[in-house]
Amino acid sequence: MRSRVALLVALGIDNFGSGLFLPLGLVFVIRVVGLPLAQAGAAVTLGALAGLLVPAFAGRLVDLIGPRTVMICAHVLQAAGVGAFLLAGGFAGVVGASVMLASGQQLFYSSQFSLIADVAGEGPKDRPFAEAAMVRSAGFGLGGLAAAGLLMWIGREGLYVAVMIDVATFVVAAAILSTLVPPVRRRPRRLTGPARVWRNRPYLALIVFSGLFALTMDFFLIGMPVYVFNALQGPRWLPGAIIALLTVVTSLGGVVGLRLTRRLTRISAMRAGSALFAVWCLACLLVVFVPKVLQPIYLLCATLVLAAGDLAFGPRSGALAEAAAPPEARGRYLAAFQYAFTLAAVIAPAVVGLFSVAVWIPWVLVAACACAAVVGLGRVGPRLPAEAVSPTGG
């Protein structure tokens, strides 16, 4: 239990720092480093693309030396990457800092599921994954609020403070993992030959359909402000309020969501979550028919539908991915599972860009993806291990 609590504390601290800096990263590059918007965006994007290469070898590293060691290295690498932004003097410096930060992030994400599973011990991992998601969501949300406060009270100097605090959070998180989370004894394994995850078609399908879930969430985070401001000409406070509402519900409701869906198999819960995502898309598209004075309340209510879908899908997908992975290659499988989220993050901005073509296209596209997940998960479920789909046999 002490290890479990320590891990949750480390995850909360890590995500507080991420919530503090990541929303301000591009602003820092523009206002402090002095790059024009186009160059700043290109430099950060190059770093993010370089990070996509990490999960390909991170999983093998997890299987070889254990997820705890890999996650500690991830924290150190992220601290170095964020700190490098303070030393960046131009485009090349920003690219270098972005590469280190993105690589550390992907190393973290590629090892977190395995470490949570190790610390949780035997049995289904739905609750440990839900608890971790709650803590991470709360930490990121508090970091975002702190970032807004720093800009409001300190101004430009607050950007420096955000960077330094973020570096400190990564160092503290690494120290907690090093001292309070003992390594799990692992049998030595010979990691020869290609990772079989690429030959496991049902698992690949699970990655794809989980990626559709991630696409919905990423589209929400970056697309909702665009929709509110450009299409609806809504109030400036509304996007922040919508994101804050989602953060509060997901940071408090993870365990409740598990209880409400306890009679469902993991696949059934994920399908229900995907269906709710499709309903959310339709509701947001229909907001144009709502009187303008009522649109903020309407969108806040629609966000509750999205939150319910997230609570139904999120923890179950991680638990299913962990349970369906062969024990001898779990690190490689869960690292490959991370591509569901990294690729969604790359695709989401392009989907948001379709607002410039027609306001309805992104909503219809994301809703279609959610519906595809409902159908696809129903077909792939019987091809996954039965004990992974329904750990209690129900």
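These numbers come from the heavy atoms of this one structure, side chains and all, not from hydrogens, waters or symmetry mates.
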Notebook entry, point to check: What distance separates I243 CD1 from F140 CZ, expressed to the nearest 0.5 Å?
Noted result: 9.5 Å

Next item on the list: Any salt bridge (Lys or Arg N to Asp or Glu O under 4.0 Å) involving residues 264-291? Give me the pairs, sequence neighbours left out, ordered by first then second residue.
Entry: D126-R266

Checklist line | Closest non-hydrogen atom pair between W237 and P296, with its separation | finding: CH2-CB, 3.8 Å

Check: Any link between W280 and V288 through a network of hydrophobic side chains (Ile, Leu, Val, Met, Phe, Trp, Tyr) touching at under 4.5 Å?
Finding: yes

Next item on the list: Would you check if the side chain of S251 reaches a backbone N or O of T247 as a donor-acceptor pair within less than 3.5 Å?
Entry: yes

Could you pull out every donor-acceptor pair under 3.5 Å between side chains of residues 84-110 and any protein atom, sequence neighbours left out?
{"unit_1": "S98", "atom_1": "OG", "unit_2": "V94", "atom_2": "O", "d": "2.8"}
{"unit_1": "S103", "atom_1": "OG", "unit_2": "V99", "atom_2": "O", "d": "2.7"}
{"unit_1": "S110", "atom_1": "OG", "unit_2": "Q106", "atom_2": "O", "d": "2.7"}

Item checked: Test item: R316 and L258 side chains (from C-beta on) under 4.5 Å apart, heavy atoms -> yes

Next item on the list: Report whether L77 and I165 are members of the same hydrophobic cluster (ILVMFWY, side-chain heavy atoms less than 4.5 Å apart, transitive linking).
Entry: no

Notebook entry, point to check: Which pair of non-hydrogen atoms, one from A58 and one from A335, has the smallest distance, and what is that distance?
Noted result: C-CB, 4.5 Å

Checklist line | V208 side chain near L204 side chain, heavy-atom distance below 4.5 Å | finding: no

Item checked: Atom of G234, atom of F229 and distance for their closest heavy-atom approach -> O-CD2, 4.1 Å

Check: Could you state the interatomic distance from CZ (F129) to CD (Q112), rounded to the nearest 0.5 Å?
Finding: 8.0 Å

Atom pairs and distances, side-chain donor-acceptor, residues 341-366, under 3.5 Å, sequence neighbours left out:
{"unit_1": "T342", "atom_1": "OG1", "unit_2": "Y339", "atom_2": "O", "d": "3.4"}
{"unit_1": "S356", "atom_1": "OG", "unit_2": "G353", "atom_2": "O", "d": "2.6"}

Check: Do T69 side-chain atoms and G66 backbone N/O form a donor-acceptor pair below 3.5 Å?
Finding: no

Notebook entry, point to check: If you look at every heavy atom in A132 and I116, which pair is closest and at what distance?
Noted result: CB-CD1, 3.6 Å

Check: Is the side chain of D63 donor-acceptor paired with the backbone N or O of R332 at a distance under 3.5 Å, no angle test?
Finding: yes

Check: Do M224 and L286 share a hydrophobic cluster (ILVMFWY, side-chain heavy atoms under 4.5 Å, transitive)?
Finding: yes

Checklist line | Any side-chain heavy-atom pair of D310 and M217 under 4.5 Å | finding: yes

Checklist line | Flag, side chain of T261 to backbone of L264, donor-acceptor distance under 3.5 Å | finding: no

Note to self: Using modelled atom types and a 3.5 Å cut-off, is there a donor and acceptor pairing between side-chain atoms of K125 and backbone atoms of G318?
What the structure shows: no

Next item on the list: Scan side-chain atoms only and decide if S114 and S111 contain a donor-acceptor pair under the 3.5 Å cut-off.
Entry: no

Notebook entry, point to check: Can you get from V9 to V76 by hopping between Ile, Leu, Val, Met, Phe, Trp and Tyr side chains that sit under 4.5 Å apart?
Noted result: no

Note to self: To the nearest 0.5 Å, what is the distance between CG on L276 and OG1 on T216?
What the structure shows: 11.0 Å

Notebook entry, point to check: Hey, any chance L52 and L61 share a hydrophobic cluster, counting ILVMFWY side chains that come within less than 4.5 Å of each other, even indirectly?
Noted result: no

Check: Got a sec, which residues hit side-chain hydrogen bond (donor to acceptor under 3.5 Å, both in side chains) with S137, two or more places apart in sequence or on another chain?
Finding: T250

Show the atom names and distances, to 0.1 Å, of all donor-acceptor pairs under 3.5 Å that link a side chain in residues 12-33 to residues at least two apart or in another chain.
{"unit_1": "D14", "atom_1": "OD2", "unit_2": "H75", "atom_2": "ND1", "d": "3.1"}
{"unit_1": "N15", "atom_1": "OD1", "unit_2": "R136", "atom_2": "NE", "d": "3.4"}
{"unit_1": "N15", "atom_1": "OD1", "unit_2": "R136", "atom_2": "NH2", "d": "3.4"}
{"unit_1": "N15", "atom_1": "ND2", "unit_2": "L11", "atom_2": "O", "d": "2.9"}
{"unit_1": "S18", "atom_1": "OG", "unit_2": "D14", "atom_2": "O", "d": "3.2"}

Item checked: Closest non-hydrogen atom pair between A307 and V249, with its separation -> CB-CG1, 3.6 Å

Next item on the list: Take L177 and L115 through the side chain to side chain contact (heavy atoms under 4.5 Å, CB included) test and state the conclusion after the steps.
Entry: CA-CA 10 Å; L177 293 179; L115 183 57; 4.3 Å; yes

Checklist line | Shortest non-hydrogen contact between G83 and V167, atoms and distance | finding: N-CG2, 3.6 Å

Margin query: With a 3.5 Å distance limit and no angle check, can you tell me whether T303 reaches the backbone of L299 through a side-chain donor-acceptor pair?
Written below: yes

For residues 377-385, run the donor-acceptor check on the side chains, cut-off 3.5 Å, and write out each pair with its distance to 0.1 Å, sequence neighbours left out.
none

Margin query: Could you check whether any side-chain heavy atom of L334 comes within less than 4.5 Å of a side-chain heavy atom of V62, counting everything from C-beta outward?
Written below: no

Notebook entry, point to check: Hey, does V255 have a side-chain heavy atom less than 4.5 Å from the side chain of R259?
Noted result: yes

Margin query: Could you tell me if the side chain of M270 sits less than 4.5 Å from the side chain of S210, heavy atoms only?
Written below: yes

Next item on the list: Decide yes or no for L311 and L260: does some side-chain heavy atom of the first lie under 4.5 Å from some side-chain heavy atom of the second?
Entry: no

Next item on the list: Calculate, to the nearest 0.5 Å, the distance between atoms SG and CZ belonging to C284 and F220 respectively.
Entry: 8.5 Å

Check: Are the side chain of Q295 and the backbone N or O of V287 linked by a donor-acceptor pair below 3.5 Å?
Finding: yes

Next item on the list: Would you check if I72 and R68 make a side-chain contact, meaning some heavy-atom pair closer than 4.5 Å?
Entry: yes

Notebook entry, point to check: At what distance, to the nearest 0.5 angstrom, does CZ of F219 lie from CG of L306?
Noted result: 10.5 Å

Notebook entry, point to check: To the nearest 0.5 Å, how far apart are CG in D118 and CZ in R4?
Noted result: 13.0 Å

Check: What do you reckon, is CD1 of I297 surrounded by more than 12 foreign heavy atoms closer than 6.0 Å?
Finding: no

Next item on the list: Assign the ring pair F213 / F277 to parallel, tilted or perpendicular, where the plane angle (0 to 90°) is split at 30° and 60°.
Entry: parallel

